[in-house]
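First comes the structure, then the notes that go with it.
Read the numbers this way: they start at 1 and go in the same order the structure lists the ligands and their atoms.
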Amino acid sequence: MSKQKEVRILAIESSCDETAAAVVVDGRDVRSNIISSQIALHTIYGGVVPELASRKHIEKINQVIEEALREAQMTFDDIDVIGVTYGPGLVGALLVGVAEAKAISYARKIPLVGVHHIEGHICANYIENKELEPPFLCLIVSGGHTHLVQVQDYGVYEILGRTMDDAAGEAFDKVARAIGLGYPGGPKIERVARQGNPDAIPFPRAHVAGDGYNFSFSGMKSAVLNYLNSCRMKEIEIVQEDVAASFQQAVIDVLIGNAEKALEQTNMKKFAIAGGVASNAALRHAMEAVCTRHGAAFYHPSPILCTDNAAMIGAAAYYEHLAGRYAGLDLNAVPNLKLGERL
Ligand code: KG4
Ligand code: ZN
């Protein structure tokens, strides 16, 4: 029997502040993964400025795609499918990637697949864990989302819990700004926290009422701000390292609390994490320990595949392609796209 032809996907991601393109073969084999970060641009403003993000995407996108093809030693003629993030995200930023993908699809007659950004984060786990297959539990912790989901099959998700207010990454970013670390907050808090005492300040661990798996982080962020204000008023020295370490520990405790509950109640034996905050080593170690206690296998992408990238979009696009779910040339950006929602 002849070997089935491999599926070569060119993936594009521009939902927030990274312009990214990748070539992924058969969903798990990354041939190139190019990311043009806008961190330097947004740092001066202390956060992502949507208008500037869109303008930077339009400037960089062709260059990033060319580089992705070159590194994969391919041309458009070798590409079988174009995958693009169409939501959720910043509308102007998403439109750049979507318009680019549609132009390539139209000019080259290559089928187009629209990818949900969060689904991309989940699928980042397939790239380095070739044996990982649904069903499994996945905690997605990014700048805009905090979701605990049961991945029932490729492209089939049951949302067990989500944040009721701020996302975990958003809380990291806001606290980092409050203690003078600046943008992007997560990696800076992680670095400073290594020198601090996680038990120094007892920030609250909010548990959302009910028997679900929802999260809340805004109270924790307010508690940090109140603590900083009261220190200033009482002229007590603020130890940045201890604030960072204690806050990080509080976030981790809340995340692993729900993760552990889900492992107990669903009896699933596979648990994955995804999204920018999943690159936090302290969170990874804590999650790994919980999984070991429950006899579950633990999966996490490398840090470069946790934060926004196009390789993960290529992985997700592959399973959409296998399911025959293609987008038309009327594909639009959907800034509030819900996980599991289809075109
Ligand atoms: O997934 P991502 O790159 O973009 C979104 O889809 O939102 O996540 C970015 C978020 C930011 O809030 C950033 O502060 C956080 O992930 N983050 C981290 C770390 N690296 C990135 N949070 C905690 N520790 C880190 N090492
Ligand atoms: Zn993301």
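Below 3.5 Å of separation, one finds an N or O of G169 facing an N or O of ligand 1. Polar contact with ligand 1: absent for T307 (N/O pair, distance under 3.5 Å).
Heavy atoms of C16 stay at 4.0 angstrom or farther from ligand 1. Ligand 1 lies out of reach of E18, whose nearest heavy atom is not under 4.0 Å from it. At a 4.0 Å cut-off, at least one heavy atom of G144 sits close enough to ligand 1 to count as contact.
Atom OD1 is the N/O/S atom of D308 found closest to the Zn ion (ligand 2). Atom NE2 is the N, O or S atom of H117 at the shortest distance from the Zn ion (ligand 2).
Of the candidates F136, Y126, Y318, Y126 is the only one forming a ring pair (Phe, Tyr, Trp, His ring centres under 6.0 Å) with Y154. The one candidate from T85, L337, L90 that meets the side-chain contact (heavy atoms from CB on, under 4.5 Å) condition with S15 is T85.
Taking the centre of each ring, F298 and H300 come in below the 6.0 Å mark. Between F247 and F172, the distance from one ring center to the other falls under 6.0 angstrom.
Heavy atoms of H145 found under 4.0 angstrom from ligand 1: none, in either backbone or side chain.
Panel note: side chain T146, backbone A167; no donor-acceptor pair is recorded below 3.5 Å. A donor-acceptor distance shorter than 3.5 angstrom exists from the side chain of D26 to the backbone of V7, with no hydrogens or angles considered.
If you number the atoms of ligand 1 from 1 as listed, the ones under 4.0 Å from a heavy atom of H121 come out as 1 (O), 6 (O). When each atom of ligand 1 is checked for a heavy atom of H117 under 4.0 Å away, the hits are 6 (O).
For atom 11 (C) of ligand 1, the nearest non-hydrogen atom from the set L283, V175, D173 belongs to D173.
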